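Have a look at the structure below, then the notes.
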Number of protein chains: 2
Amino acid sequence: MPNQHKIPQATAKRLPLYYRFLNNLHLQGKSRVSSKELSDAIKVDSATIRRDFSYFGALGKKGYGYNVEYLLGFFRKTLDQDENTPVALIGVGNLGTAFLNYNFTKNNNTRIEMAFDADMGKVGHMIGNVPVYHIDELEERMTDIKAAILTVPVSEAQQITDRLVETGVNGILNFTPARITVPEDVRVHHIDLAVELQSLVYFMKHYPLDQE
Amino acid sequence: MPNQHKIPQATAKRLPLYYRFLNNLHLQGKSRVSSKELSDAIKVDSATIRRDFSYFGALGKKGYGYNVEYLLGFFRKTLDQDENTPVALIGVGNLGTAFLNYNFTKNNNTRIEMAFDADMGKVGHMIGNVPVYHIDELEERMTDIKAAILTVPVSEAQQITDRLVETGVNGILNFTPARITVPEDVRVHHIDLAVELQSLVYFMKHYPLDQE
DNA sequence: GATAAGTTGTGAATATATTCACGACAATTG
DNA sequence: CAATTGTCGTGAATATATTCACAACTTATC
Ligand SMILES: NC(=O)c1ccc[n+]([C@@H]2O[C@H](COP(=O)([O-])OP(=O)(O)OC[C@H]3O[C@@H](n4cnc5c(N)ncnc54)[C@H](O)[C@@H]3O)[C@@H](O)[C@H]2O)c1
Ligand SMILES: NC(=O)c1ccc[n+]([C@@H]2O[C@H](COP(=O)([O-])OP(=O)(O)OC[C@H]3O[C@@H](n4cnc5c(N)ncnc54)[C@H](O)[C@@H]3O)[C@@H](O)[C@H]2O)c1
């Protein structure tokens, strides 16, 4: 079932965005939408949107646009919105706590099921309805979880990563500045907030004017 | 001085990463580094690293590698590490508080100077050494700040953006799911955490095995 | 039912980014 | 000082992504 390996990465990264926006349209009772309208709302060129959709076949109708409900149903299946993906969070500090309180509950198929920390002051509490366990219990509790959010101090990142991989995790959303090393069947997405901020500032200074 | 518009965007986004890693090497007392070593550490192909550096001229020596101190000095200038860029943060909630406590203090040229919120319970306090003002004071206090981090509820995003633009801000790091509309001389970087998590899950399921 | 307006899907063109592969030179070693 | 090893810088090849531009079709209008 998986591996329609012909969807370009750039397209795949936009899919959740499309899904969320279509969901909003649906809630607003809209039944029809054009690539032009989508483009204005999510700031992606309309030709890019049509191209993205076309990888999945002909989802629209010429001269009409796209049927919101149909498209939404299609993306729901494509993005596996029906099967839930449990996620664990490691490191209940500033960032970790923010994520637990938020917990991606709006229209998502992902939910943080449990969190781990080394600090006894945090262990045993519920934060945002998620239980916080001691990091020593990682191996015994992570038996069914394949995805993790990493928000520990950078010094701990590689060591915790190794333990996560050992438990069978194969996707990590890494917020630490460490470029962690993993086996090649584990997927890591880095979100490096300090780099994002610095890069914004660099672009502001060196690429004036034109939106790109 | 600015607008050496020949540095590719993909390269520009990696510069802060290079800078941070070179800084670490320097602190460790290393004086020499090769593109291969850099590659192993930050997981960017060594040819890409050499290509990136080459846009700035010949910074290395054949058969030798790069001199850490020289390269670091070069990037310090390129990334304007000496002039400080003040930043404001709008919305002192879960995420906003995490950022204030962290405040990008490690080796950076960026610092959050002030924060704003609409909630009187938050106004008047210092969080992570940053004063929190009422959002009504935005216009009078933002006279010298050109960059903002946006962590308000999605419903407020566009309205606050308009006010920020009005005060002269030309760079926004937007954490809300809203794709905000700005004049074309304002740069917006979206960091959409829900999309990042969903896209990680999508990749895990549909692009098994190979690291790419 | 003819005309006008709107929209898709996609071939082709273009733009951007990565990677290969190698000549040229530096440093080290015996 | 010759041989070996390591490394850069970059032309060329390849890969990936975006954008243009238009035939084909739908819908709405009169
Ligand atoms: N907070 C931010 O705004 C921000 C911005 C950029 C990057 N980061 C990065 O995100 C990561 C987390 O940042 P933070 O501000 O939340 O840090 P933090 O210090 O507030 O939180 C780290 C948490 O990890 C826990 N911890 C430490 N060692 C552990 C271990 N071995 N096992 C399990 N838990 C452990 C600590 O008890 C703490 O609760 C850091 O790597 C930081 O560099 C944070
Ligand atoms: N926390 C997360 O993990 C997370 C994840 C993904 C996206 N986001 C997005 O980031 C944004 C912030 O999330 P959060 O969890 O920190 O929300 P939050 O509700 O905890 O914080 C929002 C803050 O904005 C303040 N605020 C409301 N209206 C304002 C106004 N008009 N002017 C100034 N301040 C105002 C509120 O008082 C509050 O302190 C949201 O848009 C959310 O969708 C958050």
Side-chain angles (χ1 to χ4, degrees), chain A residues 4-15 17-18 22 25 30-71 74-75 179 184 190 199 203 206-207 210-212, chain B residues 4-15 17-18 22 25 30-72 74-75 184 190 199 203 206-207 210-212:
Chain A
Q4 318 98 308
H5 212 308
K6 290 282 55 68
I7 282 88
Q9 301 237 352
T11 297
K13 287 203 186 147
R14 285 186 289 262
L15 297 182
L17 196 58
Y18 295 142
L22 288 170
L25 286 183
K30 276 206 95 189
S31 67
R32 167 182 171 175
V33 69
S34 71
S35 61
K36 177 66 168 49
E37 282 177 272
L38 279 168
S39 172
D40 292 341
I42 63 182
K43 322 289 185 206
V44 172
D45 187 274
S46 67
T48 300
I49 294 175
R50 293 199 299 281
R51 175 79 58 196
D52 282 349
F53 289 1
S54 78
Y55 292 116
F56 298 97
L59 303 177
K61 271 202 267 205
K62 300 185 181 187
Y64 173 88
Y66 301 89
N67 178 288
V68 172
E69 194 153 358
Y70 176 75
L71 205 53
F74 184 84
F75 278 120
R179 300 323 247 203
E184 67 165 28
H190 292 278
S199 125
F203 277 108
H206 295 82
Y207 294 66
D210 55 302
Q211 190 88 314
E212 60 226 282
Chain B
Q4 317 100 307
H5 213 307
K6 291 282 57 67
I7 282 88
Q9 301 236 351
T11 297
K13 288 205 186 143
R14 284 187 288 262
L15 296 182
L17 194 59
Y18 295 142
L22 287 169
L25 286 182
K30 276 207 96 190
S31 67
R32 167 182 171 176
V33 69
S34 69
S35 60
K36 177 65 167 54
E37 282 176 272
L38 279 169
S39 173
D40 291 342
I42 63 183
K43 323 289 187 204
V44 172
D45 187 274
S46 68
T48 299
I49 293 175
R50 293 199 300 282
R51 174 80 58 195
D52 282 349
F53 290 1
S54 78
Y55 292 115
F56 298 97
L59 302 177
K61 269 202 269 206
K62 301 184 179 190
Y64 172 89
Y66 300 90
N67 178 288
V68 172
E69 196 153 356
Y70 176 75
L71 205 53
L72 188 61
F74 183 83
F75 278 120
E184 68 166 26
H190 291 279
S199 123
F203 278 107
H206 296 82
Y207 294 66
D210 55 302
Q211 190 88 314
E212 58 224 281

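We use all heavy atoms of the structure for the numbers below, so side chains are in, but hydrogens, waters and symmetry mates are not. Each chain gets a letter, A, B and so on, in the order the sequences are listed, and its residues count up from 1. What you see is a predicted model, and the numbers here were worked out from it, not measured in a lab.
When all heavy atoms are compared, the tightest approach of B/Val44 to B/Ile49 is O-CD1, 3.6 Å. Nearest heavy atom pair, residue B/Glu69 against residue B/Asn67, reads N-OD1, 3.0 Å. Taking each heavy atom of A/Lys13 and B/Phe203 in turn, the nearest pair found is CG-CE1, 3.9 Å. Contact detail for A/Tyr207 and B/Ala12: the closest heavy-atom pair is OH-CB, 3.8 Å. The shortest heavy-atom contact between A/Glu37 and A/Arg32 is OE1-O, 4.2 Å. Summarising the geometry of A/Ser39 relative to A/Ser46, their closest heavy-atom pair is OG-N, 3.5 Å, with the distance given to 0.1 Å.
To the nearest angstrom, P of C/dT8 lies 16 Å from OH of A/Tyr55. To the nearest angstrom, C1' of D/dT7 lies 11 Å from CD of B/Glu37. Distance CZ (A/Arg32) to P (C/dT7): 7 Å, rounded to an integer number of Å. We find that CG of A/Asp45 is positioned 13 Å from C1' of C/dA15, with the value rounded to whole Å. Spacing between atom CZ of A/Phe53 and atom P of C/dT7 amounts to 15 Å, rounded to whole angstrom units. Atom CG in B/Leu38 sits about 13 Å away from atom C1' in D/dT7, given to the nearest Å. The distance from atom NZ of B/Lys13 to atom P of C/dA17 is 8 Å, rounded to the nearest whole Å. Put simply, CZ on A/Phe56 is 16 Å from C1' on C/dT10, counting in whole angstrom units.
Under the 30°/60° scheme for interplanar angles, the aromatic rings of B/Phe56 and B/Phe75 are found to stand perpendicular.
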> Stepwise, does the side-chain contact (heavy atoms from CB on, under 4.5 Å) test hold for B/Ile42 with B/Arg14?
Replying inline: CA-CA 10 Å; B/Ile42 63 183; B/Arg14 284 187 288 262; over 6 Å; no
>> Evaluate B/Leu71 against B/Phe53 for side-chain contact (heavy atoms from CB on, under 4.5 Å), listing each step before the verdict.
In response: CA-CA 9 Å; B/Leu71 205 53; B/Phe53 290 1; 3.6 Å; yes
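For B/Arg50, counting side-chain heavy atoms from C-beta on, the closest listed nucleotide (D/dT19, D/dC8, C/dA17) is D/dC8. Nearest to the side chain of B/Ala10, among D/dC20, D/dA17, C/dT18, sits C/dT18.
With hydrogens and angles ignored, a donor-acceptor pair closer than 3.5 Å exists between the side chain of B/Arg51 and the base of C/dT19.
Considering only side-chain N and O atoms, B/Arg14 lies under 4.0 angstrom from the phosphate OP1 or OP2 of C/dT18.
Among the protein residues, B/Ser35 comes within range of the sugar-phosphate backbone only, with heavy atoms under 4.0 Å from sugar or phosphate atoms but none that close to a base. Heavy atoms of B/Thr11 sit nowhere under 4.0 angstrom from any nucleic acid atom.
At a non-hydrogen distance threshold of 4.0 Å, A/Lys62, A/Gly63, A/Tyr64 from residues 58-67 of chain A come into contact with DNA chain D.
Each of B/Lys36 and A/Thr48 lies near DNA chain D, and the nucleotide nearest B/Lys36 is the one positioned closer to the 5' end.
End-to-end axis angle of the helix from C/dG1-D/dC30 to C/dG30-D/dC1, using five pairs per end and rounding to 10°, comes to 10°.
Under the side-chain contact (heavy atoms from CB on, under 4.5 Å) criterion, B/Lys43 pairs with A/Arg179, A/Thr181, not counting sequence neighbours.
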